[in-house]
Amino acid sequence: MKAIKIKGLSFKYVTSSRWALKNINLEVDEGEFVLITGPSGCGKTTLCRCINGLIPHFYEGEYKGEVVLFEEIKVHEHEPYELADKVGMVFQDPESQLFMTTVEREIAFGLENLGLDREEMKNRVEWVLGLLGIEHLRDKAPYELSGGEQQKVAIAAVIAMRPRILVLDEPTANLDPMSALDVINTLCRLRKEMRITVVIVEHRLDMLAPLVDRIIVMDKGSIIISGNPREVFSKEVSRLERIGVEVPKVCLAYKELISATKSEVPLTPDEFVKVILHAKKGCNRSKGSLV
C-alpha cells in the first residue's frame, strides 16, 4: 500500500511571489524510510507541511494538486488534528513543540486532545516512555533537558498518538554529533518495532545514508533526484555538489578511487576500508604482472 501519494502538488505562500513547490509527484510505500535533502529554501519544509495538513489548513497560499494518505485520505479535506493518528510531525526546534510543565504531561497533552480515556492515556504514556528509554525524565520540565533529550520527548509526544507515518523536519539540526546519532538510532528502532513509515528531512547524510531506503533531492521547489542511496551517490555526486548538498565523505573518497576498483559505492567507513583494500590488492597484482 502507498502510505503517501502526492500528485501534481504546487504551493505558493500568500506572502511570496514564487512557488515554494512546483508540480511534485511522489509515492512513498508503507513502511518505507525516506530521506529528503537539498539546499536551503528548496521546499523541503513546505513539502512536510503538506503531508501533515499544516498546508493548506494553517499556512495560507495558492494550493494545487493533492496529497493522499493510505490510498483514500485526502489531506486537504481534513484538519491536521483529524490526521493525528495517521501522520505525526516533529520539527527542527523541539522547544517549539514543548510547552507543558513536565515530560509526562507533555506526552499526555496530545492524547487528551484525541479524547482518550484516562486509563488508555496512562498506558500510552508508560509505553512510550519505556519505548524511548526516557522514564527517568518523566517528572522533569522540558527546559531542564539537553537538546537530544528534548528531541526524544518531542518524538515521544508524537509517537504516543500512534501515527502510521512519522515526518521529521531536520530533527538533528541543533544537536551535537553524539546526540544526533542517538536520535537517529532511536528513529531506526521505532521504525522496526512499530513498522511505521518515516520521512525525514536532513542535511547529515553521512549518518542517514546507510539506513534509509530512498533519497529524494529537491532544488528550487522540485524533485530533481530520487533513488536508493547507492544509485544516488554513485551517479549524482557532481550534480549534488553543484547545488550545495553535502555528500558523505566516504562517497567523495570513493569517487577518487573509482578508476582503481569496480566495487559499489560505500556508505559507511567500514565499507570504504573494504574498497581501499580491494583497490590495493588490484594494484599489487598489476605490479606483480610487470615483474
Flag, side chain of Glu106 to backbone of Val103, donor-acceptor distance under 3.5 Å: no
Answer yes when Asp29 and Lys2 have at least one side-chain N-carboxylate O distance shorter than 4.0 Å, and no when they do not. yes
Before accepting this row, confirm whether a basic side-chain N of the pair Arg230/Glu271 lies closer than 4.0 Å to the acidic partner's carboxylate O. yes
Does Asp182 come within less than 4.0 Å of Lys152, counting only side-chain N to carboxylate O? yes
Rounded to the nearest 0.5 angstrom, the OG1-CG distance for Thr186 and Leu132 is 6.0 Å
Evaluate whether atom CZ of Phe99 has more than 12 neighbouring non-hydrogen atoms of other residues, nucleotides or ligands under 6.0 angstrom away. yes
Lys122 with Glu126: basic N within carboxylate O range, under 4.0 Å: no
Would Leu252 end up clustered with Leu208 when hydrophobic side chains under 4.5 Å apart are linked, directly or stepwise? yes
Would you verify whether the NZ or CZ of Arg49 falls within 45 degrees of the ring axis of Tyr59 while also being under 6.0 Å from that six-membered ring's centre? yes
side-chain contact (heavy atoms from CB on, under 4.5 Å) with Val167: of Asn52, Val87, Leu47, only one passes, and it is Val87
Taking the cut-offs as 6.0 angstrom to the six-membered ring centre and 45 degrees off its axis, would you call Arg164 and Phe70 a cation-pi pair? yes
Is a side-chain donor-acceptor pair under 3.5 Å present for Thr46 with Tyr13? yes
Atom CD of Glu246 with >12 non-hydrogen neighbours under 6.0 angstrom: no
Is the shortest heavy-atom distance from the side chain of Lys5 to the side chain of Lys7 under 4.5 Å? yes
So that I can tick it off, tell me whether Lys12 and Glu60 are bridged by a salt bridge, with the cut-off set at under 4.0 angstrom between side-chain N and carboxylate O. no
One thing to verify: whether Arg105 and Asp139 come together as a salt bridge, which I'm taking to mean a side-chain N less than 4.0 angstrom from a carboxylate O. no
Audit row: Leu9, Cys50, side chain to side chain contact (heavy atoms under 4.5 Å, CB included) steps and yes/no: CA-CA 9 Å; Leu9 179 64; Cys50 290; 3.8 Å; yes
Only one of Ile36, Thr172, Thr37 passes side-chain contact (heavy atoms from CB on, under 4.5 Å) with Glu202; say which it is. Thr172
Distance in Å, Gln97 CD paired with Gln92 CD, rounded so as to fall on 0.5 Å steps: 11.5 Å
Side chains of Thr197 and Val28: closer than 4.5 Å at any heavy-atom pair? yes
hydrophobic_cluster_shared for Val158 and Val183, side chain cutoff 4.5 Å: yes
Do Val201 and Leu181 share a hydrophobic cluster (ILVMFWY, side-chain heavy atoms under 4.5 Å, transitive)? no
